[in-house]
Amino acid sequence: MKVFVTRKIPEEGLKILEKECDEVQVFPHDRIPKKKEIIEGIKGKDGLLCLLTDPIDKEVISSGDRLKAISIYAAGYDNVDVKEATRRGIIVSNTPDVLTDATAELAWALLFAVARRVVEGDRFTRSGKFRGWSPLLMLGKRISGSTLGIIGAGRIGTAFALKSKGLNMKVLYYNRSKNEVLEKELGARKVSLEDLLKQSDFISIHLPLTPETHHLIGEKELSMVKKGAVIINTARGAIIDEKALAKALKEKRIFGAGLDVYENEPEVNEELKKLDNVVLLPHIGSATFETRVKMAILAAENLVASLKGKKPKYCVNPEVFDKLRG
Ligand code: DGY
């Protein structure tokens, strides 16, 4: 078994690969590999362990002359052409669950930071503008008792909503199916996207990026958002139309936004960068020491299992595996 890893991941994961595989080639640079470097790397390899930054499209997949498995070091897999992999009988796996709490926590960090102007306040204080306590200085938004709207109530959306316990919030959610846990634990209500946008004080996005969710929140949707609301996105940048969001923020139709993800990462919209009412993070939803180690172990185990013909713990295209097993 020969594998290519597109970036150095925590040792715990690499050790598993080194123990189980005949050859482990790790991309040696601390940067996103170019497509041609990935194509070069997977030549003669049975397995690929990639990151969410790597474009694993049809061209890359078809260049893998021996490729049998792709393991993604992420929960989201929108960067991989799963359809093409499936067509070629390549097993694709990912690392959900282990990053649920870390990502939900970061969404809360953004929510608090935007509502109470934490980053803006820090900049203000450092720049020497703080001249003493003042009744109207840096007023923000009340969180406790307000309405929280969750777009996408899967693993992360559910964990995020459950962490509102103690803040006495009214919780609304927009999701394909009913979420019994949220309804039972929080008295949450499943609503239409329009109702959620119109009624929520805080909106947090927790959906995968698919053709259906691309620009789900565009100009029309932003015009429906309750005046003075806050939008948080820790899912995928392209779910929001960034240009339309920058306009809504600039016109102060919404109070603020907290973003961990962008439409064209690592590029960040220039208009957003100019605004004080948006907090911008460098896609660090899963970035805790513990989580990144767990992701590395899981991604390595998924890859090894797939290459051994076993079903990986988290398989994105189980139909391939089922077909292989006959
Ligand atoms: C994921 O795994 O999809 C996250 O975006 C990583 O932070």
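Atoms within each ligand, like the ligands themselves, are counted from 1 in listed order. All residue numbers refer to positions in the sequence shown, counting from 1. Only a predicted model underlies this, so the values are computations on that prediction, with no experimental measurement involved.
- The structure places CE of Met224 at 11.5 Å from CG of Leu196, a figure rounded to the nearest 0.5 Å.
- For Lys273, the NZ atom sits in a packed shell: over 12 heavy atoms of surrounding residues, nucleotides or ligands are nearer than 6.0 Å.
- Counting non-hydrogen atoms of other residues, nucleotides and ligands closer than 6.0 Å to CG of Asp65 gives a total above 12.
- Within 4.0 Å of ligand 1, heavy atoms belong to protein residues Leu52, Ala74, Ala75, Gly76, Leu99, Arg236, His283, Ser286.
- Using a cut-off of 4.0 Å between Lys/Arg side-chain N and Asp/Glu carboxylate O, Lys243 and Glu271 are scored as not salt-bridged.
- Using cut-offs of 30° and 60° on the angle between ring planes, the pair Phe27 and Phe4 is perpendicular.
- Counting non-hydrogen atoms of neighbouring residues, nucleotides and ligands closer than 6.0 angstrom, the NZ atom of Lys190 exceeds 12 such neighbours.
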